[in-house]
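Below: one structure, written as structure tokens.
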Amino acid sequence: MPNPFLQELCCLLGQPVAGNPTQFMMEKLFARHALDWRYLSFEVPSEALGDAVRGIRALGFRGGNVTKPHTVAVIEYLDRLSTAAEMMGAVNCLVREDELLVGENTDGKGFLQSLAGVCDPAGKYIAVLGAGGAARAIAIELALAGAARILIVNRTPERGKALAELIALHTDAASEFLVWPNRYEIPADIEVLVQATSIGLNDPEARVPVSFRRAGSELVVADVVFNPADTAFLEKARQRGCRVLDGLGMIVNQAAIAFKLWTGIDPDTTVMREAVEEFLSL
Ligand code: NDP
């Protein structure tokens, strides 16, 4: 019998968390599945991350999500990682197992489920812009799904090189790294391009420094940014005639996997999609 004064708690840790639809979506989902659970969003600066995770433990939270910029840094505060999180070196989901706090990663699988509606990555040559938590999860899952070749393009060489090495270590895909030039011309033979940096998040004016001048007409272009849902980057790709995929499907799918891990229930994804669209006034 649930105690009416003791709800189960989940939370989001990140900075910024303003504009992130996860709390809104999860609260609608708890109501839809008649769960007396609560979800809170916490703005956590990097220097407070350790204290925030200790707080989650002390207060008995059932689980949570981790977002930019903490998906890699949070690992040192956890007891164990899932196989996927271990491989990616990034955590976007926390799950309490008895006294242990376990790091999971649902981002890559969420992205793949979303991409499946547009194309199959198997055998493809794919470029991933970025090498942070989201890029790591996506690049590894694409490689595990049979992508032939993955090119990582990142501003900071160390992070980009490390991700290319991670792909080579754990998967059969060929991997390369390129330091992001001032303006990156998408090569004609790239078949899928994933914008996995935080450029454009909460900033419709931000421009991703790429040129589609040489891009093939069959190119599939995905953006992980979900707010705004239709980014300037996707608009540019659309004008070039590319097929585009926004970040909304990914946010719904990765959250659906997290919800199942916390509650054991297969969520109603229609409610989730409607909640995200309502939150973003789409
Ligand atoms: P991180 O902070 O871990 O990584 C950020 C990445 O963006 C790094 O590769 C960084 O490059 C790059 N970057 C940031 N600013 C610039 C810039 N001005 N020029 C070039 N590169 C830049 O963030 P995450 O990986 O966790 O998140 C990235 C994005 O993905 C965010 O917008 C996040 O909201 C979104 N996301 C969306 C999800 C969805 O479900 N749709 C799920 C998860 C994340 P460098 O290494 O050089 O610093």
Side-chain angles (χ1 to χ4, degrees), residues 12-22 25-26 41 44-46 49 65-75 85 88-93 103-115 127-141 152-164 166 177-184 194-210 222-234 244-259 269 272-273 275-277 279-280:
L12 171 68
L13 308 181
Q15 192 175 49
V17 290
N20 189 307
T22 307
M25 183 168 56
M26 287 300 180
S41 301
V44 180
S46 292
L49 182 61
N65 293 111
V66 181
T67 188
K68 175 189 151 50
H70 304 317
T71 49
V72 178
V74 74
I75 290 174
M88 293 157 186
V91 163
N92 78 321
C93 175
E104 255 291 356
N105 200 309
T106 67
D107 272 338
K109 287 197 176 58
F111 176 81
L112 274 198
Q113 285 174 5
S114 187
L115 183 68
V128 176
L129 305 175
R136 279 169 178 246
I138 289 169
I140 295 280
E141 288 290 355
I152 305 298
V153 182
N154 197 53
R155 180 181 59 179
T156 305
E158 294 74 30
R159 287 227 268 180
K161 201 160 161 281
L163 177 50
L166 218 52
F177 164 65
L178 179 75
V179 179
W180 200 323
N182 278 345
R183 190 172 171 78
Y184 176 53
V194 186
Q195 192 315 93
T197 76
S198 43
I199 303 174
L201 179 65
N202 300 330
D203 182 3
E205 303 305 316
R207 294 290 177 268
V208 179
V210 296
D223 198 337
V224 298
V225 169
F226 50 78
N227 190 3
D230 197 13
T231 59
F233 174 74
L234 288 184
V244 301
L245 181 66
D246 65 33
L248 294 187
M250 177 180 172
I251 200 158
V252 168
N253 295 333
Q254 60 79 27
I257 303 169
F259 183 88
T269 49
M272 299 173 82
R273 179 84 195 194
V276 175
E277 289 180 357
F279 183 86
L280 297 174

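For ligands, and for the atoms within them, numbers begin at 1 and follow the listed sequence.
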Considering only protein heavy atoms, which is closest to atom 19 (N) of ligand 1, and at what distance to one decimal place?
I199 CD1, 3.4 Å
N/O donor-acceptor pair under 3.5 Å between E141 side chain and I138 backbone
no
Heteroatom distance test (I251, ligand 1): nitrogen or oxygen, under 3.5 angstrom:
yes
Under a 4.0 Å heavy-atom limit, does A196 contact ligand 1 with its side chain, its backbone, both, or neither?
backbone
So does L129 get a backbone contact from the side chain of W180, meaning a donor-acceptor N/O pair under 3.5 Å?
no
Per-atom contacts, ligand 1 versus A131 - under 4.0 Å to a heavy atom:
9 (O)
Residues N182 and P209: closest non-hydrogen pair is O-CB, 3.3 Å
Any atoms of ligand 1 less than 4.0 Å from a non-hydrogen atom of G130? List them with their elements.
9 (O)
Any G110 heavy atom less than 4.0 Å from ligand 1:
no
Backbone of E205 reached by a side-chain donor or acceptor of R207 within 3.5 Å
yes
D223 side chain to L234 main-chain N or O, any donor-acceptor pair under 3.5 Å?
no
Among side-chain atoms of T22 and N65, is any donor-acceptor pair under 3.5 angstrom?
no
As a check for students: among L201, V225, T197, identify the option with a heavy atom nearest to atom 29 (C) of ligand 1.
T197
Determine, considering heavy atoms only, which of G247, A229, A206, G132 sits nearest to atom 1 (P) of ligand 1.
G132
Closest non-hydrogen contact found for F226 with N20 is CZ-ND2, 3.7 Å
Which heavy atom in V225 sits nearest to a heavy atom in T197, and how many Å separate them?
CG2-O, 4.0 Å
Per-atom contact, atom 38 (C) of ligand 1, protein heavy atoms, under 4.0 angstrom
yes
Would you indicate which of N227, V224, D107, D203 comes nearest to atom 30 (O) of ligand 1 when only heavy atoms are counted?
V224
Is there a polar contact, in the sense of an N or O pair closer than 3.5 Å, between A134 and ligand 1?
yes
Give the residue and atom name of whichever protein heavy atom lies nearest to atom 3 (O) of ligand 1, and the separation in Å to one decimal.
G133 N, 3.1 Å
For atom 14 (C) of ligand 1, the closest protein heavy atom turns out to be S198 OG, 3.4 Å
For the backbone of A137 and the side chain of D107, can you confirm whether one donor and one acceptor N or O come within less than 3.5 Å of each other?
no
Quick one: closest heavy-atom pair of A275 and M25, and the distance?
CB-CA, 3.8 Å
Is the shortest N/O to N/O distance between N154 and ligand 1 below 3.5 Å?
yes
Identify the closest protein heavy atom to atom 34 (O) of ligand 1: which residue and atom is it, and at what distance?
F226 CE2, 3.5 Å
In short, Q15 meets H70 closest at the heavy-atom pair N-NE2, 4.4 Å
Which atoms form the tightest heavy-atom contact between L163 and A131, and what is the distance?
CD2-CA, 4.0 Å
Tell me which protein heavy atom sits closest to atom 45 (P) of ligand 1, plus the residue, atom name and distance to 0.1 Å.
T156 OG1, 3.3 Å
Under 3.5 Å: N/O of R159 near N/O of ligand 1:
yes
In this structure, atom 2 (O) of ligand 1 is nearest to the protein heavy atom K68 CG, 3.5 Å
Within-cut-off N or O pair, R155 and ligand 1, under 3.5 Å
yes
